[in-house]
Amino acid sequence: MTHAEVFAVVRRIPRGRVATYGQVAALAGFPGHARQVGYALSALDIDASVPWHRVVNAQGRVSLRTGGSGGGMVQRMRLEQEGIAMPGGRVPLRDYAWRPDAEP
DNA sequence: CCACTGACGAGTG
DNA sequence: GCACTCGCCAGTG
């Protein structure tokens with residue numbers, strides 16, 4: 001359950017899709033460790049070579065300090081750049097959730 | 001090396 | 001829908 005493991009999974013998230021913390025943890029082989037995934041991402045740099053912005057919480061919301069230093073705005077901006085809208089301030093997971101089994 | 005410190009999730013009332 | 005509880009690990013200073 002190292003940060004590297006988490007990043008490896010996050011890097012697999014296809015563009016235009018989002019994954020939840022719990023999903024990433026499960027795919028990394030550590031179901032139930034969603035929190036640690038969050039801790040791992042917290043160590044990431046905003047310019048890191050990882051699509052960390054595609055990771056949202058189970059409610060489709062951006063978990064990082066929303067409104068604080070504007071960090072959350074960066075994530076939202078990047079998501080919209082990929083065509084992922086956030087009506088109501090949250091991502092409609094029903095439509096954008098990443099489905100590894102649905103990949104080509 | 002020790003202690004602190006966090007991007008969560010699921011269940012219950 | 002909201003408030004509260006418990007379970008979890010690795011990195012940083």
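Letters go in sequence order (proteins before strands), and every chain restarts at 1.
As rounded to whole Å, 14 Å separates atom P of dG9(B) from atom NE2 of H33(A). Q59(A) places its CD atom 13 Å from the P atom of dG11(B), with the value rounded to the nearest Å. Across the protein-nucleic acid pair, Y21(A) atom OH and dA10(B) atom C1' stand 17 Å apart, rounded to whole Å. Q75(A) places its CD atom 14 Å from the C1' atom of dC8(B), with the value rounded to the nearest Å. L44(A) has its CG atom 16 Å from the P atom of dA10(C), to the nearest Å. We find that CH2 of W52(A) is positioned 17 Å from C1' of dC8(B), with the value rounded to whole Å.
Of the candidates dG6(B), dG11(C), dG9(B), the closest approach to any side-chain atom of Y39(A) belongs to dG6(B). Listed nucleotides: dA10(C), dG6(B), dC8(B). Nearest to the side chain of M1(A): dA10(C).
Looking only at distances, a side-chain donor or acceptor of Q75(A) sits under 3.5 Å from a matching main-chain atom of V55(A).
The existence of a salt bridge linking R78(A) and E82(A) is excluded, since no basic side-chain nitrogen approaches an acidic carboxylate oxygen closer than 4.0 Å.
Residue contacts shown for A43(A) are absent, as no nucleic acid heavy atom lies under 4.0 Å away.
The shortest non-hydrogen separation linking P51(A) to R11(A) is CD-CA, 3.8 Å.
The CD1 atom of I84(A) sits 11.0 Å away from atom CG of D95(A), with the distance rounded to the nearest 0.5 Å.
Toward the 5′ end of DNA chain C lies the nearest nucleotide of Q36(A), the other residue of the pair H3(A) and Q36(A) mapping further downstream.
Contact of R35(A) with dG7(C) (side chain to base): a donor-acceptor pair of N or O atoms is detected under 3.5 Å.
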